[in-house]
Protein chains: 2
Amino acid sequence: MSAEMLKGHLDAVLLATIGDDALHGYAIIEAIRARSGGHFDLPEGTIYPALHRLELAGLLASRWVQPDGGRKRRVYSLTDSGRRSLVERRAGWQSFATGIDRVLGARA
Amino acid sequence: MSAEMLKGHLDAVLLATIGDDALHGYAIIEAIRARSGGHFDLPEGTIYPALHRLELAGLLASRWVQPDGGRKRRVYSLTDSGRRSLVERRAGWQSFATGIDRVLGARA
DNA sequence: AGTTATACCTAGCATTACTAGGCTTAAGGA
DNA sequence: TCCTTAAGCCTAGTAATGCTAGGTATAACT
C-alpha cells in the first residue's frame, strides 16, 4: 500500500517514533504500525539498515539490553543531534506537504 | 530545498499540474513552481525523463506543436488512464500524508 | 519435536530524481 | 553583424534508498 512513497521520509518516521523512548527494532516496527493507524507496515529489511544508517550518522545511539525473559535486544535512542534533526525534519515535512497539497489541489 | 523528498510523488505532481490542459515541459516546470508557492523548483533533468516514463506507461500522450513564434514544443495531455491514475494518486497521497501526520504528531 | 513469535542481520535489486552535460532556435543588445 | 540570453528539448551516468529474499538464534507453546 505504501509502495515507496516513503522515500525520503523514513528517517523522520523513525526519529519521531523513537522520540523520548528507547526502543528496539522490532518494537519500532510495531509502534509505526500502531501510530500510523495501519498505514505503514514496514518490513525488517527496511528498518534495520535504516537504523544502522542513522546511528552511523550520529542521530541515534544504541545499546544491547538483556531482558529477564527473551533474547537480547538492541535498543535505540535519539542523540542530541537526532533531536535537532527531528525538529528540522518535522518542519521539512510540513513544508513539503503544503507544497504537494497546493499542487494536487487537496486539503485546502 | 526539495532535495529528494519528492520520490514517489513526482508522477502525481505532473499529472495534477497538467490536469485538463495541454502543456509542454518548460511550461510544466514553471507551473509547478508557481502552483507550489515556490516550494518546488524542479530541474529539466527531472521533468523530461519523467514525462517520457509517464507517456510510456500510457498515462500521458504527447504531440509536437509549432507555435507562431518560437520553436517547436512537445505538448502533453492526460489520457483516460492518466485521469484515472490521478484520482488514485490523489487518494494515495491523502492516505499517505495522514499516516505521516499521525506518526510525526503534526497537523492534528 | 515441531511450530510460532520474537529478534537481529545482510547482499543484491529496482526505482527514481538529480547532476552535468549537449543541442537548437529565436530575440535583443552592442 | 556578432554575441548573449532565454526558451525548449534531450540523455548518460550517479547516488540514494527502500524492498525482496534469504539467513541466524532464542523462547514459548503444543
Side-chain angles (χ1 to χ4, degrees), chain A residues 1-15 17 22-33 36 39-57 59-60 62-76 89 96 99-100 103, chain B residues 1-15 17 22-33 36 39-57 59-60 62-76 89 96 99-100 103:
Chain A
M1 184 56 68
S2 80
E4 29 215 293
M5 296 178 152
L6 204 50
K7 284 225 170 118
H9 306 283
L10 177 60
D11 293 1
V13 165
L14 289 173
L15 294 174
T17 300
L23 298 180
H24 63 284
Y26 214 79
I28 291 172
I29 292 176
E30 293 174 336
I32 292 175
R33 187 167 40 222
S36 72
H39 282 283
F40 307 127
D41 189 7
L42 305 179
E44 302 176 14
T46 292
I47 298 301
Y48 289 113
L51 291 172
H52 299 163
R53 185 162 38 80
L54 290 173
E55 182 168 26
L56 195 66
L59 306 183
L60 292 179
S62 76
R63 60 179 208 281
W64 285 94
V65 172
Q66 173 67 63
D68 285 353
R71 54 170 297 186
K72 283 208 288 186
R73 298 164 174 171
R74 191 165 182 176
V75 160
Y76 293 87
R89 282 165 201 272
F96 170 76
I100 297 285
V103 174
Chain B
M1 184 58 67
S2 81
E4 29 213 290
M5 296 178 151
L6 206 51
K7 285 225 169 120
H9 306 282
L10 176 60
D11 293 359
V13 165
L14 290 174
L15 294 174
T17 300
L23 299 180
H24 63 284
Y26 215 80
I28 291 172
I29 292 175
E30 292 173 339
I32 292 174
R33 187 167 41 223
S36 72
H39 282 282
F40 307 129
D41 190 7
L42 305 180
E44 301 175 14
T46 292
I47 299 301
Y48 289 114
L51 291 173
H52 299 162
R53 184 161 39 80
L54 291 173
E55 182 168 25
L56 195 65
L59 306 183
L60 292 180
S62 76
R63 61 179 207 279
W64 285 93
V65 171
Q66 174 67 63
D68 284 354
R71 54 170 296 185
K72 283 207 291 185
R73 299 163 174 172
R74 191 165 182 178
V75 161
Y76 292 89
R89 281 164 201 272
F96 170 76
I100 296 285
V103 174

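When reading the values below, keep in mind they use all heavy atoms of this one structure, side chains included, and skip hydrogens, waters and symmetry mates. Every chain is numbered from 1, with letters handed out A, B, ... down the list of sequences. Quick caveat, the model's predicted, so the values are computed rather than measured.
A:L14 has its side chain out of reach of A:L59: every pair of non-hydrogen atoms, C-beta onward, lies at least 4.5 Å apart. Inter-residue side-chain proximity for B:H39 and A:V103 is flagged as unmet; no heavy-atom pair is nearer than 4.5 Å.
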Checklist line | Under 4.0 Å protein heavy-atom contact, by nucleotide of nucleotides 22-30 of chain D - B base, S sugar-phosphate only | finding: ---B-S---
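Going from atom CG of A:L10 over to atom CD1 of A:I32 covers 7.0 Å, rounded to the nearest 0.5 Å.
Atom CG in A:D41 sits about 14 Å away from atom C1' in D:dG18, given to the nearest Å. Distance, B:R63 CZ to D:dC9 P: 13 Å, rounded to whole Å. Atom CG of B:L56 and atom C1' of D:dT11 are 15 Å apart (whole Å). Distance A:K7 NZ to C:dT16 P: 7 Å, rounded to the nearest Å. One interatomic measurement links the two molecules: CE of A:M5 to P of C:dT15, which rounds to 17 Å at whole-angstrom precision. At whole-Å resolution of the value, CD1 in B:I47 and P in D:dC9 are 11 Å apart. Across the protein-nucleic acid pair, A:I29 atom CD1 and C:dC8 atom C1' stand 10 Å apart, rounded to whole Å. Counting to the nearest Å, the C1' atom of D:dG18 and the NE2 atom of B:H9 are 13 Å from each other.
Using the six-membered ring where Trp is involved, B:H9 and B:F96 have ring planes that are tilted, between 30° and 60° apart.
In terms of heavy-atom proximity, B:G99 sits nearest to A:F40 at C-CE1, 3.5 Å. Across B:P49 and B:E44, no two heavy atoms sit closer than the pair CD-O, 3.8 Å. The shortest non-hydrogen separation linking B:Y48 to B:Y26 is OH-N, 3.7 Å.
Side-chain proximity of B:R73 to D:dC9, C:dC9, C:dA7: nearest is D:dC9. Closest to the side chain of A:Y26, from the set D:dG8, C:dA17, C:dC8, is C:dC8. Each of D:dG18, C:dC9, D:dC10 was ranked by its minimum atom distance to the side chain of A:W64; first place goes to C:dC9.
At C:dC9, none of the side-chain N or O atoms of A:Y48 fall inside 4.0 Å of OP1 or OP2 (strictly under the cut-off). Close to C:dT15, at under 4.0 Å from its OP1 or OP2, lies no side-chain N or O of B:R53. For C:dC8, the OP1/OP2 oxygens have no side-chain nitrogen or oxygen of A:H52 closer than 4.0 Å.
Position along DNA chain D of the nearest nucleotide to B:E30 versus B:G45 favours B:E30 as the more 5'-ward residue. If you find the closest nucleotide of DNA chain C to A:P49 and to A:P67, the one lying nearer the 5' end belongs to A:P67.
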